[in-house]
Structure formats: C-alpha cells, structure tokens
Amino acid sequence: MAKKILLLDGNSLAYRAFFALPLLTNENGIHTNAVYGFTMMLQRILEEEKPTHMIVAFDAGKTTFRHKTFSEYKGGRQKTPPELSEQFPYLKKLIDAYRIKRYELENYEADDIIGTLSLEAEREGDEVVVISGDKDLTQLASPSTTVYITRKGITDIEKYTVEHIKEKYGLTPDQIIDMKGLMGDASDNIPGVPGVGEKTALKLLAAHGSVEGVYAAIGQQKGKMKEKLVANEDLAYISKQLATIERNAPIEIKIEELSYDGPDQDELVKVWNELAFKSLLEKMEYTAEETVKEELTFEVVTSIDPSILKDEMAVHLELYDEHYHSCDLLGVSLATETETYVIPMDVVEHSEAFRAWFKDPSKKKFMADSKAATAAFLRCGIELKGVDFDLMLGAYIVNPSLTYTDMASIVQEYGYTDVSTNEQIYGKGAKKKVPEDVILHEHIARKARTIWKVRPLVMEKLEENEQFDLYDKLELPLATVLGQMESLGVMVDRNQLSEMGKELSHKLEKIETDIYSLAGQEFNINSPKQLGVVLFENLGLPPLKKTKTGYSTAADVLEKLEGQHEIISHILLYRQLGKLLSTYIEGLLKEIHKDGKVHTRFQQALTTTGRLSSTNPNLQNIPVRLEEGRKIRKAFVPSEPGWVMVAADYSQIELRVLADMSEDERLVQAFKDDRDIHTTTASDVFHVPAEEVTGDMRRAAKAVNFGIVYGISDYGLSQNLNITRKEAAAFIDRYFASFPGVKTYMTTIVADAKRDGFVTTLMNRRRYLPDITSSNFNLRSFAERTAMNTPIQGSAADIIKKAMIDMDAALEREDMQTRMLLQVHDELIFEAPPDELDKLMKLVPEVMENAVKLSVPLKVDIAHGDTWYDTK
DNA sequence: GTCCTCACG
DNA sequence: ACGTACGTGAGGACG
C-alpha cells in the first residue's frame with residue numbers, strides 16, 4: 001500500500017504555537033500554550049491527513065554545520081524564552097504518548113532531517129506532507145511532496161504545492177533558495193544582498209533563473225543595482241548556501257521505522273491530565289465510553305402479543321442502508337421506559353395486531369426517521385400514523401449545520417453514546433454485510449432505547465429555543481407528506497428518454513469529430529486538464545481564469561473566448577449535450593424502478609437553510625432554462641391514463657419575503673401593486689419611468705435583485721454582470737438609495753447575528769454563524785452574506801413547507817384523487833384526473849397563497865399539460 | 001476521495 | 001490586501 005508520510009518540524013511548530021497563543025498555565029504553574037497549540041494542530045492533522053508514517057524532527061544543540069560557513073548564522077535571534085523552554089520536555093512526552101517517532105541529529109537542524117527523509121520518500125514514490133512554521137521548507141515541494149506552513153495561529157495552514165509556489169512567487173521550489181540568497185532572511189540572520197527585497201529578488205529570478213544566472217548576466221544590470229550586486233556577490237552565494245536544506249544528512253533512521261499506528265490512549269490521558277487539557281479529555285471520554293455501554297436486556301418477539309403495544313412507544317425500523325425505497329428491512333424494535341423488544345421483519349409483516357396499532361393515530365410513536373419508515377413500510381402495505389416524535393428532525397431543527405448520517409452521530413450531540421454506528425455493525429464497501437442475529441438484534445434494540453432516552457433532551461432544547469411549533473407543526477407533519485410523495489413516485493417514459501438519448505449520441509459524435517479536427521488532435525474533451533492544454537497551450541488562447549489545479553475551462557470563461565476560435569462554440573455545445581446525455585438520460589434511466597417510476601428521496605435534515613434536497617434521482621434540477629434540456633421534461637408523465645400534470649410556482653417568493661422582513665416601503669408597495677419587480681427596480685435605480693426601462697436595464701436590475709438575496713458584494717455582482725467592481729459598487733449604492741429599508745435590514749441582520757451568534761427565519765428556524773466574529777476576512781464575509789441570505793431563503797422554505805401540509809390536508813378534505821408529486825423549492829408538481837382539473841386550478845393557488853400571512857401578497861402561477869414539459 | 005463542471009431554485 | 005456571489009446533487013477525470 002502506498003505510504004503517506006508526515007514530517008513535522010517540532011521546533012518551528014512549538015515556536016509558532018507559543019507566540020500565537022496566550023500564556024496558559026496548569027495548576028503546577030507550568031506554561032502549556034505551546035504544547036496545547038501543538039496538540040490541537042496534531043489532532044487536526046491526524047484526522048485530516050490520516051498518515052501511515054510520521055516523525056517529529058527537532059534541532060539539536062546550539063551550533064550546526066551552517067555556523068562553520070557563517071558564524072553569525074541565526075545570530076541576533078532572541079534567546080528562547082524560558083516559558084517556552086520548559087515546555088519542550090512535555091512536548092516530547094506528548095509525542096511519545098502519540099507513539100510518533102521523534103528525531104534529532106547533532107550538528108543538523110530539523111530542516112535537514114526533514115529534507116533528507118523527504119528525498120528518500122520521493123525516491124520510493126511515497127506521498128509526503130511537510131509541516132512547519134518556516135517558509136524555507138517550501139523548497140522541498142515536489143509533485144509528491146506538499147509543504148504545509150502555518151500562518152497566524154497554528155491550525156490555519158497554507159498548503160504549498162509546486163503549483164501554489166508558482167502561482168504565488170512565479171518560482172519553482174528549488175528557486176526558493178535563490179530568492180533567500182538574494183533577499184536574505186532576517187529571522188535566521190541570513191544577510192542576502194543588502195538593498196534587495198522580495199520584489200527585486202523575484203524580478204531578478206524571473207529574468208535569470210538563479211543566483212548564478214544573475215551573476216552570469218551581470219552585464220545586463222546597471223546603476224545602483226549593479227553596484228549592490230557586484231559588491232555583495234560572496235554574500236549572495238553564502239546566503240543561498242545557508243538557506244539550502246541539506247538533503248543527505250547522515251541520519252540513522254529509515255522511513256519503514258516511522259509507521260504510525262495511533263496513540264497509546266492511556267499514556268495520552270496521563271499526559272493530558274498532567275497538562276490539564278480539559279476539553280480534550282472530555283472529547284476523549286465520548287469515544288472511550290462507547291466501549292462501556294449501559295447493560296440492556298431485551299426480548300426477541302416471535303409472535304406479537306397485543307399487550308406489548310403501548311400508547312406511547314419508541315419505534316425503530318432498521319434499514320440496511322439509506323436507499324429505503326429498495327433496500328432490505330432488517331427488523332423493528334420497540335421501547336418504553338422499562339421494556340425493549342426486537343421484532344424480526346417477517347413477524348412484523350404477518351401481524352394484524354401490529355398493523356392495527358401502527359396505523360392508529362392515537363398510539364404515539366417516537367421515531368428516528370419517520371419519513372424513511374413511512375415510505376419503507378408502505379412497500380409492504382403497512383400504514384404509519386401517530387408519529388409524535390422524530391429524533392432526526394428534532395436534532396436538525398436544534399442545529400441544521402450538523403450532519404445527520406446515522407443515529408450514533410445524532411445522539412452524540414446529546415452526550416449519548418450507547419448506540420453503535422451503522423458502519424461498526426455492517427462494515428463498509430465490499431465488506432458490508434448483515435451481521436449474525438445476536439449482534440443485529442442488540443443494535444436494533446439499542447436504537448429504540450436510544451430514541452426513548454434522548455427524546456426528552458431534544459424536546460427540552462426545542463422548547464428552550466422556542467422551536468417546538470416549527471418542529472411539531474411543520475417538519476413533523478411534513479415528513480409524512482414527503483414519505484407519501486416519495487412512495488407514489490413519478491412516472492417516467494423510458495422510450496422517450498431512450499429516443500432522445502440516441503439522437504444526442506449521434507449529435508455528440510459529430511461534434512466530437514469537429515472538435516478533434518479544429519484542435520488538430522484527439523483528446524478527452526471531458527477532461528478539463530486536457531482541454532486546458534489544447535486551448536491555452538496548443539491553440540494559444542488566453543487563459544482568463546485559473547482554478548486551484550490549472551486553467552479554468554468553465555462555461556463563463558469559454559463564452560468570453562467565443563469570438564477568438566471556432567472550437568469554443570463546439571466545446572460549449574458538446575458540454576451542454578454531454579450533460580444531458582450522461583446525467584439526465586443515462587442517469588435517469590438507471591433510477592427507474594420496476595413500476596416504471598422514479599422514487600426520489602427528499603432530504604429533510606440536510607440543508608443549512610431549511611430547504612429540502614432531492615437525491616437518487618435529484619428531481620429538483622431537471623433542465624428548464626434551455627429548450628434542448630427542457631425537452632427532458634416530456635418524459636415525466638402522469639401515472640394514470642388520461643391524467644394531466646399540474647405545476648404551480650410562487651412568483652418572486654424570496655423578494656416578497658425580503659419585502660416583508662425589511663418593511664421597505666417601495667418594495668412593499670411594488671408587490672402590493674403587483675408590478676414587475678425587476679422593471680420597478682430598474683426604474684428606481686436608473687431614475688427613469690417604467691415604460692422607458694430597456695432590456696439591459698432590466699437585466700442589470702434582475703442581477704442586483706439576485707445579489708441582494710445572496711448577500712450582496714460588489715465583486716460577486718461584477719462577475720455576474722461582467723462589469724468592473726467599481727461599476728458594481730455604484731449599482732449597489734444606487735439600489736440602497738432607492739430601497740433604504742433593505743439597506744437597514746441588511747445592516748441590522750448582520751449586527752443581530754454578531755450579537756446572538758445565529759439568524760432566524762419566519763418560523764424561527766435557526767442557523768448558527770460562529771464565523772461572523774472571525775478575524776479572517778473571508779470567513780467573516782462569508783458569514784455576513786449567509787446572515788443576509790439564510791433568513792430569506794429559509795423563510796421561503798418555511799412557507800412552501802407549510803403550503804405542502806395545507807395542500808395535503810385540502811386534497812384529503814376535498815376527497816380528491818389528485819396527487820402531490822414533487823417540490824422544487826418554490827413550486828409544487830401534481831398529477832390529476834381531468835375531472836378535478838378546474839377545481840384544482842383554483843384550489844392550489846388559494847392554498848399556496850394563504851399558507852402564511854405576510855405584509856405583501858403571495859402570488860402563484862399555475863399551468864397544466866400532458867407532461868411536465870407542457871406545464872408552461 | 002477530491003476537483004471541476006454544470007443542472008436547478 | 002484579502003478573493004466570493006446563496007443553497008443544492010451528479011457525473012467524469014484523475015490520483
């Protein structure tokens with residue numbers, strides 16, 4: 001197996017941590033900040049990098065071979081503060097507890113040990129990560145070696161790959177030493193050429209490649225610069241030599257000896273206790289407790305006696321994986337305060353008593369994922385009613401930013417660790433299987449027990465945050481509605497898709513040949529890397545934008561190049577059609593079940609804003625904007641002969657929400673007058689009457705309105721409208737001058753988020769924004785935009801969710817056959833028998849428009865047709 | 001598994 | 001100076 005080797009610069013990291021953190025002391029008066037910072041960084045690195053081999057290298061003694069070259073090396077440096085010196089023994093103890101090798105070598109610095117080991121690793125073809133606080137180490141970067149340099153603090157890391165160095169300095173890693181040779185390094189007292197700083201050094205290297213190159217072409221310099229260089233030639237060479245890391249140090253340790261197999265937990269606890277690392281110890285306890293679970297006795301039921309089915313019970317349906325429309329059902333567990341039962345699936349299916357109890361709404365069921373249970377049970381004709389608690393939804397409402405993959409991860413948030421993760425029970429990948437009954441039954445039993453135990457904690461949190469109504473009146477009933485929608489599924493015309501697929505394949509083949517001949521070569525058009533080489537190197541087109549790994553070939557970049565080469569439009573078309581074929585024809589065909597339908601799963605506890613998402617297949621991103629793609633919608637048809645599809649969407653729901661929340665008079669009035677909002681915005685911003693608003697003005701206003709909803713920034717708007725940042729900023733100013741209420745709202749919401757640490761929606765959904773007070777500009781700015789966007793997007797999500805519950809109730813009340821099939825953020829899709837159509841076309845807008853009462857009216861557009869495509 | 005690209009609201 | 005518009009999911013390439 002390939003190795004992943006981490007080489008840490010112990011001294012440098014300890015220094016960084018020491019100066020980055022305030023002086024902490026344990027109860028013995030020993031300072032611990034450097035060790036603490038080092039530990040935090042180590043924990044993170046171990047988690048993120050999962051190394052197979054590790055070493056921490058230290059400097060040895062006071063002098064090294066470098067002092068022989070230059071006696072003032074590292075001179076003038078302040079003595080290591082005693083508060084730091086005293087921490088080194090603890091640091092070494094800590095590293096030993098992690099069972100990580102450490103190494104030092106007389107006469108050499110940590111750099112040289114790392115340089116030597118990384119060279120050895122490269123020769124063996126292993127992946128290497130070097131971690132240090134010293135930028136000198138970046139000279140070690142190579143295709144297989146990345147150098148992580150801490151910046152500000154110790155857990156914030158900048159990753160220097162060969163590409164990153166090229167981008168940042170325009171240098172290759174081995175030119176770093178030439179840079180130091182010319183500019184020197186104050187911290188190590190490397191002199192360099194006096195008067196040459198980073199700028200000059202980079203300029204010289206760009207022209208001449210190396211220190212040697214500079215002096216070989218010294219004739220090209222003139223004036224003061226030439227004098228300086230000539231006078232200090234020796235210093236330049238010495239400096240370069242000093243900065244050069246020795247990569248053949250006489251070390252006596254081999255990479256094989258560095259294998260890392262995890263810490264000695266007992267030792268680690270000891271060291272942490274000694275240092276009084278309380279928060280780390282607490283975190284550790286969670287993981288430790290998992291092995292010591294509370295004893296549980298339960299009964300495996302072979303025939304259901306109705307007397308075990310109580311008025312209130314925790315109920316859990318165990319599913320083999322998350323694809324509950326198709327996966328195996330593995331059994332059911334029930335729990336009350338005193339009893340726990342496990343019921344095998346065949347017993348459940350054949351029990352009339354269970355069926356009757358399960359669909360009795362007066363029998364309260366406490367569950368973990370009631371939507372999955374609703375849909376999965378419907379597969380065997382078992383109806384579920386009376387869901388009174390849903391652990392996943394409750395936890396999601398308390399904090400939507402966490403990920404809810406399985407029950408163990410949810411309840412850990414509430415300090416409960418008696419349930420194993422599904423991965424622990426079933427394994428993963430090729431090794432995944434159902435374990436023997438003893439293990440399976442205990443796992444299932446624990447889940448019902450867990451629900452019972454954790455329910456009060458979740459309920460308490462919901463009450464405390466005043467989110468009980470959001471949970472009980474919105475998400476919980478919605479889960480049942482969604483479960484039914486998913487189970488119903490949407491009929492897809494397989495032949496229609498196949499025919500479109502054939503056509504597309506032919507077109508794509510033709511375009512492919514055209515592209516190859518225009519490029520003068522064959523290559524993989526789907527590979528951005530290969531495409532980048534063809535466009536920007538072989539054809540010589542200008543690369544307008546870069547990604548982390550190379551040239552960007554995204555559509556917006558290519559569009560700017562369209563006039564410059566005939567190949568561009570072919571590539572854009574190839575991309576567009578290729579997407580249709582792979583994702584929407586082939587992808588969708590794979591998802592059609594035996595009943596001829598697709599059964600998406602709506603994720604109800606995933607997004608941070610409160611929206612739903614849709615998977616396997618995603619039915620919330622079926623093409624609509626371009627006609628070629630829109631034709632995909634012809635394949636979505638009613639599941640009953642003669643029925644029709646109906647689509648109803650909210651008009652401008654997010655801007656209406658903004659109008660309501662900001663109470664901006666002009667915005668509110670615009671919606672009250674039912675005016676075209678983008679035209680109105682253009683008219684206000686450009687100070688012209690509505691009749692004189694041009695297409696371009698309206699387009700710009702529309703982009704500004706989008707920007708407002710996203711949490712406006714001049715940069716974002718300038719990108720979108722392809723204008724300069726200044727122009728974008730001017731637009732925004734004019735917008736705010738026209739809609740002062742919106743400006744006040746944006747300022748207020750950010751201030752509130754800073755004060756409270758979270759923002760809320762119309763129905764009191766919460767999103768925490770810890771980064772809003774960050775000193776990091778990017779993190780803070782992102783949090784600020786999120787603070788502006790989440791209440792808008794989230795409130796719109798609240799509204800349509802309420803409308804779905806009301807719509808479900810209305811169809812039931814009116815005893816209609818019409819079925820709600822899909823939700824796409826601001827629209828609902830139905831299939832309906834023709835005789836209900838007239839009624840439906842009135843009922844749906846009425847229900848949706850009255851889902852909530854805002855200070856502006858809600859407006860719904862509705863259409864019907866033979867297929868989804870025709871609902872326009 | 002991660003990155004890039006692109007489909008939707 | 002920093003370097004992004006908000007929220008998603010899926011497919012292909014590549015290591």
Side-chain angles (χ1 to χ4, degrees), chain A residues 2 4 48 50 125 127 143-144 151-152 400 429 523-532 545-558 571-572 575-588 590-591 600-603 606-626 628-630 632-633 649-650 652-654 703-704 706-721 725 728 732 767 775-794 796-797 800 822-827:
Chain A
K4 177 155 186 180
E48 285 177 8
K50 304 204 180 354
E127 184 186 354
S144 60
R151 55 179 170 198
K152 259 203 223 171
F523 64 102
N524 188 342
I525 308 168
N526 284 320
S527 162
K529 201 173 158 187
Q530 294 183 34
L531 180 61
K545 206 168 102 185
K546 282 187 289 183
T547 67
K548 276 179 216 156
T549 50
Y551 309 113
S552 170
T553 66
D556 62 321
V557 176
L558 296 189
I571 288 165
L572 286 167
R575 283 252 182 91
Q576 189 200 332
L577 302 184
K579 176 86 177 176
L580 291 180
L581 184 62
S582 67
T583 306
Y584 295 105
I585 306 277
E586 290 164 352
L588 208 50
K590 279 185 224 151
E591 295 287 349
T600 188
R601 279 174 300 122
F602 289 108
Q603 306 297 331
L606 186 144
T607 72
T608 45
T609 54
R611 274 192 178 179
L612 301 176
S613 82
S614 159
T615 56
N616 301 108
N618 180 354
L619 296 182
Q620 292 182 319
N621 72 344
I622 302 300
V624 67
R625 289 170 192 169
L626 300 173
E628 294 94 318
R630 191 174 204 151
I632 299 283
R633 296 183 172 218
D649 69 292
Y650 281 112
Q652 304 295 350
I653 189 165
E654 292 189 336
V704 174
F706 269 101
I708 292 292
V709 169
Y710 292 157
I712 195 96
S713 76
D714 49 10
Y715 186 86
L717 184 65
S718 72
Q719 289 296 299
N720 193 290
L721 278 178
R725 227 171 85 172
I732 294 167
R767 178 170 179 184
S775 57
N776 178 315
F777 175 86
N778 282 327
L779 290 178
R780 190 178 63 249
S781 303
F782 187 30
E784 287 170 356
R785 292 196 297 275
T786 311
M788 297 186 247
N789 171 263
T790 295
I792 300 173
Q793 191 183 117
I800 195 163
L822 295 174
Q823 185 249 49
V824 191
H825 309 308
D826 66 355
E827 64 176 323

Tell me the closest heavy-atom pair linking A:Asn621 and A:Tyr584, and the distance in Å. O-OH, 2.7 Å

Over all strands shown, is A:Ala555 touching base, sugar-phosphate only, or nothing at heavy-atom distances under 4.0 angstrom? sugar-phosphate

Heavy-atom pair of closest approach, residues A:Ile792 and A:Glu654: CG2-O, 3.5 Å

Between A:Gln530 and A:Asn789, just flag the one whose closest nucleotide in DNA chain C comes earlier from the 5' side. A:Asn789

What pairs with A:Phe706 under side-chain contact (heavy atoms from CB on, under 4.5 Å), at least two apart in sequence or on another chain? A:Lys702, A:Tyr710

Using a cut-off of 4.0 Å on non-hydrogen atoms, how would the nucleic acid contact of A:Ser781 be classed: base, sugar-phosphate, or nothing? nothing

What interatomic distance, in whole Å, is found between P of B:dC4 and the corresponding atom of C:dG3? 15 Å

Tell me, please, which residues at least two apart from A:Ala797 pass side-chain contact (heavy atoms from CB on, under 4.5 Å). A:Arg611

A:Lys545: salt bridge (Lys or Arg N to Asp or Glu O under 4.0 Å) partners, not counting sequence neighbours: A:Asp556

Scan A:Ser713 against the nucleic acid and name what it touches under 4.0 Å (heavy atoms): base, sugar-phosphate only, or nothing. base

Counting the atoms with a prime plus P, OP1 and OP2 as sugar-phosphate, which does A:Arg767 contact under 4.0 Å by heavy atoms, base, sugar-phosphate, or nothing? sugar-phosphate

Residues which pass side-chain contact (heavy atoms from CB on, under 4.5 Å) with A:Ser582, listed by chain and number, not counting sequence neighbours: A:Glu586

Under 4.0 Å from any heavy atom of chain A: name the first and the last nucleotide of DNA chain C that qualifies, 5' to 3'. C:dC2 to C:dG15

When we call it a touch if two heavy atoms are under 4.0 Å apart, what does A:Ile622 touch: a base, just sugar-phosphate, or nothing? sugar-phosphate

Give A:Ala787 one of three labels, base, sugar-phosphate or nothing, depending on what nucleic acid heavy atoms sit under 4.0 Å from its own. nothing

Once you apply a heavy-atom cut-off of 4.0 Å, does A:Leu580 come out as touching a base, just sugar-phosphate, or nothing? nothing

Just call it for A:Gly587: base, sugar-phosphate, or nothing, with non-hydrogen atoms closer than 4.0 Å on any strand. sugar-phosphate

Counting the atoms with a prime plus P, OP1 and OP2 as sugar-phosphate, which does A:Val824 contact under 4.0 Å by heavy atoms, base, sugar-phosphate, or nothing? sugar-phosphate

Within the structure provided, determine whether A:Asn618 and A:Thr600 are in side-chain contact (heavy-atom separation under 4.5 Å). no

Counting the atoms with a prime plus P, OP1 and OP2 as sugar-phosphate, which does A:Asn720 contact under 4.0 Å by heavy atoms, base, sugar-phosphate, or nothing? base

State which residues pass salt bridge (Lys or Arg N to Asp or Glu O under 4.0 Å) with A:Asp826; sequence neighbours excluded, sorted by chain then number. none

Residue set satisfying side-chain contact (heavy atoms from CB on, under 4.5 Å) with A:Phe777, at least two apart, ordered chain then number -> A:Arg780, A:Ser781

Taking the P atom in each of C:dA5 and B:dC3, what is the distance between them to the nearest angstrom? 15 Å

Boundaries of the DNA chain B segment in contact with chain A, non-hydrogen, under 4.0 Å: B:dC3 to B:dG9

Which part of the nucleic acid does A:Thr790 contact within heavy-atom distance under 4.0 Å: base, sugar-phosphate only, or nothing? nothing

The correct set of residues in residues 611-621 of chain A placing a heavy atom under 4.0 Å from DNA chain B is A:Arg611, A:Gln620, A:Asn621

Dot-bracket pairing map - DNA chain C, Watson-Crick plus G-U, both contacts under 3.5 Å, | cross-strand: .....|||||||||.

A:Lys4 meets the salt bridge (Lys or Arg N to Asp or Glu O under 4.0 Å) criterion, sequence neighbours left out, with A:Glu49, A:Glu127

Which pair of non-hydrogen atoms, one from A:Val824 and one from A:Gln620, has the smallest distance, and what is that distance? CG1-O, 3.6 Å

Can you see which heavy atom on A:Asn720 is nearest to which on A:Ala703, and at what distance? OD1-CB, 3.9 Å

Where the side chain of A:Thr615 meets the backbone of A:Pro617, is there a donor-acceptor pair that is under 3.5 Å apart? no

For A:Arg575, which contact category applies under a 4.0 Å heavy-atom criterion: base, sugar-phosphate, or nothing? sugar-phosphate

For a quick test of reading the model, state the closest non-hydrogen atom pair linking A:Ile800 to A:Glu827 and the distance between them. CD1-N, 3.6 Å

What does A:Gln793 touch in the nucleic acid at a heavy-atom separation under 4.0 angstrom: a base, only the sugar-phosphate, or nothing? base

Please identify each residue that fulfils ring-ring contact (aromatic ring centres under 6.0 Å, His included) with A:Tyr551, with sequence neighbours left out. A:Phe536

